[in-house]
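A short worksheet on the structure shown next.
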There are 2 protein chains.
Amino acid sequence: MTRQRQVILEALRSSRAHPTGDEVYRLARQELPHISLGTVYRNLDLLSESGLIRKLELGGTARRFDARVPEHHHLRCLSCDKVEDVEVEPMEGLEQSVEEQSGYEVVEHRLELVGYCPGCREKRERAGFR
Amino acid sequence: MTRQRQVILEALRSSRAHPTGDEVYRLARQELPHISLGTVYRNLDLLSESGLIRKLELGGTARRFDARVPEHHHLRCLSCDKVEDVEVEPMEGLEQSVEEQSGYEVVEHRLELVGYCPGCREKRERAGFR
DNA sequence: CTAACTGCAAAAGCTTTGCTTTTCA
DNA sequence: TGAAAAGCAAAGCTTTTGCAGTTAG
C-alpha cells in the first residue's frame, strides 16, 4: 500500500461523484502534484481487483469508479452526465432465472437508469423541451 | 437513404452479434469495399437517432449496435466478450418509483447481466477455476 | 535485498471531425 | 443545383504499456 494508492483510495472515498479516471487523477494531484496518470489507472485496476473499490461500466465513453462496494445501481443524467446512486428493491431470482434460461454462469447484474436530473430537467423545460 | 446507409442497416439486421463500430465496418466492407470508417460511425449515429437501430452502452470499451429496437436486455460473457439478448420479465413500476425517489425524469433503464457463457464456462472449469 | 511500484512518455483503441469531392432529390 | 453525405486522413479522448529509476516490506 503505497502513498499514491492511499491517496487514490481516499480521493474516491471522499467523492460522491463516481469520478472517471481522469477526475481521480485531478483529485489525487491536489495531494500529490507529481502523481502520474499511469499510476492512477494502474491503482484503480488493482484496487478494483482487490475489491476495495468498484469499476463501473456505465454508458458514455469513460469508465467511472466508486468506493461504495456493496451492490447498488446508478442513475445518470443525459444532459450533465452526473451519476448518482439509486436504491432499487433487489430483483429476486433474476440471476438464477437467467442462468437457467441461458446456460451462463451469471456473476452479477448492473442496472442503469438514465434520464434528466432535477436541474437539467428545469433547464430543458425552460428551453421549450416537452 | 444512401447505399452506404442501407448496407450498414442490413449488416446490422443480419447479425445476431451486437457488433461494435469496427465490426460493422468490416461487415459493410464485404459489400462496399471502399466505405470509410467515418461514414460507418456517422450512419450508426444517424440511424440510432432516428430510432431504426439502438446504440448500446454496455460494459467494455467499445460501443455496440443492435437492430432489434424494442426494449430488451443483455447478457455479456466476461471471457469472450460476446453479447446476447436476454428475456427478463419487465420491472413493473421501476422507473416511476425512481422518479419519485430522485426527482429525475427517467427516460429508460438498461439491465446488463455479466458472466461466463457455456463455452467459456467449460474452458474455465477445465483450467481449474472454481 | 528484491519484488512491486512510480513517473514519464509513447502507443494503442475507439470514435469524432475537418475538408474536399460526390451524390441524391 | 443546393443540401446532405461520402471518402480520406488527421485529431481527440480515454486507457494501457515499456522502461528506467525508486520504494516498501
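Below, chains carry the letters A, B, ... as their sequence lines are ordered, and counting in each starts from 1.
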Using every non-hydrogen atom in the two residues, find where B/Arg54 and B/Pro70 come nearest and quote the distance to one decimal. NH2-C, 4.4 Å
Any side-chain N or O of A/Gln4 below 4.0 angstrom from OP1/OP2 of D/dA24? no
Under 4.0 Å, counting only non-hydrogen atoms across every strand here, what does A/Arg3 touch: a base, just sugar-phosphate, or nothing? nothing
Can you measure B/Leu32 atom CG to D/dC8 atom C1' for me and round it to whole angstrom units? 16 Å
Whichever of B/Asp45 and A/Val40 has its nearest DNA chain C nucleotide further upstream toward 5': A/Val40
Rounded to whole Å, CZ of B/Arg42 lies from C1' of D/dA3 at a distance of 15 Å
At 4.0 Å (heavy atoms only), tell me whether A/Ile35 reaches a base, stays on the sugar-phosphate, or touches nothing. sugar-phosphate
Measure from CG on A/Asn43 to P on C/dC5 and round the result to the nearest Å. 8 Å
Rounding to a whole Å, what distance do you find between A/His34:NE2 and C/dA9:C1'? 17 Å
Once you round it to whole Å, what is the distance between C1' of D/dT23 and CD of A/Gln6? 14 Å
Please report, rounded to the nearest Å, how far the C1' atom of C/dG13 is from the CZ atom of B/Arg26. 12 Å
Any donor-acceptor N/O pair under 3.5 Å between C/dG13 base and B/Arg63 side chain: no
Integer-rounded Å distance: D/dT22 P and A/Arg5 CZ: 20 Å
Whole angstrom is fine here: how far is it from CG in B/Leu37 over to P in D/dG7? 11 Å
CD/B/Glu31: more than 12 non-hydrogen atoms of other groups inside 6.0 Å: no
May I ask you to say whether A/Glu84 pairs ionically with A/Arg68, meaning some side-chain N is under 4.0 Å from a carboxylate O? no
Base of C/dG7 paired with side chain of A/Arg29 (donor-acceptor, under 3.5 Å): no
Under 4.0 Å between a side-chain N or O of A/Thr20 and OP1 or OP2 of D/dT14? no
Test the B/Arg63-B/Phe65 pair against the cation-pi criterion, namely NZ or CZ under 6.0 angstrom from the six-membered ring centroid and within 45° of the ring axis. no
Under 4.0 Å between a side-chain N or O of B/Thr61 and OP1 or OP2 of D/dT14? no
May I ask you to check whether B/Glu10 and B/Gln6 show a side-chain donor-acceptor distance below 3.5 Å? no
Mapping A/Leu46 and B/Thr39 to their closest nucleotides on DNA chain C, which lands nearer the 5' end? A/Leu46
